[in-house]
Amino acid sequence: MTNPIPEPNIRDQILTQLPAPDELDELMSRDPMDLQSRDIDAIIAYQRKQRANREAGIKAPRPKRGVNPDAPKVSLDLSALGLTPKPAVTTPTKPGAGLRRI
Amino acid sequence: MSELKISSEHLTTGVASCFLPGTNIQYAYDSTSIGYLKTCPRLYQYIMIEGWGSRDESVHLRFGIEYHSALQDYAIARSSGASHEDSIRDSIRALVQRIHGWNPDTSNRAGRYKNPRTLLSLVVDYLDHFGDHDPAQTIILDNGAPAVELSFRFELDFGPSTAGEDWKEGYLEGRYPQPYLLSGHLDRAVDFNGQAFVMDHKTSTATISSYYFDQYNPNNQMSLYSLAGKIVLDAPIKGVIISAAQVLLEKPNAFQRGFTYRTDDQLDEWLVDLRHWLTVAEQYAVAGYWPQNDTACDKFGGCRFREVCSKSPSVRETYLKSSFDKLEPDERWNPLKSR
């Protein structure tokens, strides 16, 4: 006996069949006069997929600002550079140091 | 959709200066310029008289204009009989064409929340939310077009040089030929449960709560729109439905609507007050001096010119030039510009 295969609901279809996140950038970068109806549909579908993800609590991966994800990773040896971290020193707060002239 | 007669004579076309020739006396006002004047005469001076604008401001303005246009395109398509899906496709196609090349700086808060990606997301979400299930029905004009993005313009029964009581007589004799004009754009006129309302779309990055809607009564813009709705639609407009959209980056965009009502007495009072405000504006223009209202600098998250006004008067021009662009006269905010 086999379990019946459940029919995918609309949300599942959206989550599994629609374009990857970076496809929107690709579509948006094209000459808009060259976009076909299927491209417009893909843009709309992308937004609906994003909404479904947000409603499901799935965060879209976002690249960190100023970071190139394709750059090679480099490990730094601070001691070899003579930059061994020093222990933190706390200085007593002077009276009036919290005041700022505006 | 409901059918209602509209007075097309009040709808606008063409652009002219909103100032009397050779003066700083503004005769054509919209809610934005009245708002500047009421908030702070110096703010009014910087924007309306001198034409200073900021880059951040243009992001908000562009985002709002494109959002309104997209919803308008959808309403027009629906009124022609197109389905929801076909209408949304028309709207998004036109939107993608308009915003191609728009590349706001997303390293600041304004650009992070208001950019092409968030705009597309907001439009699709709004249309999926309200498109097929909107309890507010767009009124259809007598020419068959949907009542969306209606640019209006109407005259008041007074004009510049109203300090004397003889203006009306002078106007009739042609001595004061230019009355004040009020103009603006109504996003949409709707029938809601058998009553006519103006609908105004707002986008915000703030949480939309009852506190958010409280700001619209009393409110200069909503009073003007209620008045304009009565005149343009020649209908007993009850007030304005504020259709607010909150732009969110990680949660789903949120949509809420609130009602703000205006009685005839309230609108009469608003007009009496306006007469006083415009008389004062004329006096500022004649004197060539627009004083600071230093109780308004921290309102609405802080005035964009606060840093400039905090400096000594002798160096303000330098700070203005470093933080703002001086727009050409035809690029400045003009209440007579039709969309």
Side-chain angles (χ1 to χ4, degrees), chain A residues 7-71 98-102, chain B residues 66 70 73-74 77 82-109 111-112 115-129 131 245-255 297-298 302 306-307 309-311:
Chain A
E7 285 190 15
N9 60 30
I10 292 173
R11 189 169 173 163
D12 289 339
Q13 289 176 346
I14 288 171
L15 288 171
T16 57
Q17 297 177 6
L18 296 178
D22 54 359
E23 193 170 336
L24 182 66
D25 287 330
E26 194 277 316
L27 288 166
M28 295 286 289
S29 67
R30 286 194 213 164
D31 183 338
M33 304 309 287
D34 292 339
L35 292 175
Q36 306 296 310
S37 288
R38 64 173 180 275
D39 300 323
I40 302 298
D41 287 343
I43 291 172
I44 295 167
Y46 174 84
Q47 302 303 339
R48 287 172 171 161
K49 178 187 173 188
Q50 289 291 95
R51 183 169 70 230
N53 283 347
R54 289 171 173 190
E55 285 168 352
I58 302 168
K59 288 185 180 178
R62 288 192 299 166
K64 289 178 184 173
R65 270 182 283 161
V67 174
N68 179 1
D70 300 325
L99 298 177
R100 185 168 62 92
R101 181 176 175 176
I102 56 174
Chain B
E66 299 298 354
D73 289 342
Y74 175 87
S83 68
H84 171 69
E85 285 300 324
D86 287 345
S87 301
I88 201 168
R89 192 181 295 120
D90 286 353
S91 171
I92 294 298
R93 180 189 295 280
L95 179 61
V96 169
Q97 288 173 0
R98 287 196 306 273
I99 64 177
H100 184 68
W102 180 40
N103 191 23
D105 179 2
T106 54
S107 67
N108 59 39
R109 179 180 162 81
R112 202 156 54 246
N115 58 58
R117 291 180 77 102
T118 58
L119 176 62
L120 283 166
S121 163
L122 196 68
V123 170
V124 173
D125 285 3
Y126 176 91
L127 294 178
D128 279 348
H129 190 87
Q246 183 185 3
V247 183
L248 289 161
L249 299 182
E250 295 185 349
K251 294 179 179 174
N253 296 312
F255 303 98
C297 308
D298 61 340
R306 181 162 54 178
E307 190 182 345
C309 289
S310 70
K311 300 293 184 290

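Letters A, B, ... mirror the listed sequences (proteins, then strands); counts begin at 1. Scope of the values below: all heavy atoms of this structure, side chains included, with no hydrogens, waters or symmetry mates.
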Discussion item. Please determine whether salt bridge (Lys or Arg N to Asp or Glu O under 4.0 Å) holds for the pair B:Glu250 and A:Arg51, giving the CA-CA distance in whole Å, both sets of side-chain angles, and the decisive distance to 0.1 Å.
Written reply: CA-CA 9 Å; B:Glu250 295 185 349; A:Arg51 183 169 70 230; over 6 Å; no
Practice prompt. Could you tell me which portion of B:Leu127 (side chain, backbone, both or neither) has an atom closer than 4.5 angstrom to a non-hydrogen atom of chain A?
Written response: neither
Worksheet, complete the sentence: Highest number of heavy-atom pairs under 4.5 Å with chain A among B:Lys251, B:Arg89, B:Glu85 belongs to B:Arg89
Worksheet item: Which region of A:Ser37, side chain (C-beta onward) or backbone (N, CA, C, O), has a non-hydrogen atom less than 4.5 Å from a non-hydrogen atom of chain B, or is it both or neither?
Response: both
Fill in: CA sep, side-chain torsions, deciding dist, call: B:Asp128, A:Gln47, side chain to side chain contact (heavy atoms under 4.5 Å, CB included)
CA-CA 11 Å; B:Asp128 279 348; A:Gln47 302 303 339; over 6 Å; no
Fill in: Over all atoms of both residues, closest heavy-atom pair of B:Arg93 and A:Gln36
NH2-C, 4.1 Å
Discussion item. Please report the interatomic distance CD1(B:Ile92) to CD1(A:Ile44), rounded to the nearest 0.5 Å.
Written reply: 5.5 Å
Discussion item. For B:Asp125, which atoms come within 4.5 Å of any heavy atom of chain A: side chain, backbone, both, or neither?
Written reply: both
Practice prompt. Check whether any side-chain heavy atom of A:Gln50 sits under 4.5 Å from a side-chain heavy atom of B:Ser121, and report yes or no.
Written response: no
Worksheet item: When rounded to the nearest 0.5 angstrom, what distance separates CG in B:Leu120 from CG in A:Leu24?
Response: 6.5 Å
Fill in: Side chain / backbone / both / neither for A:Asp41 at chain B, heavy atoms under 4.5 Å
side chain
Worksheet entry | Side-chain heavy atoms of A:Tyr46 within contact of B:Arg117, under 4.5 Å | yes
Response to the item:
Rounded to the nearest 0.5 Å, the CD1 atom of B:Ile88 sits from the CD1 atom of A:Ile43 at a distance of 12.0 Å
Discussion item. Can you give me the closest heavy-atom contact between A:Glu55 and B:Pro252, atom names plus distance?
Written reply: CG-CG, 3.5 Å
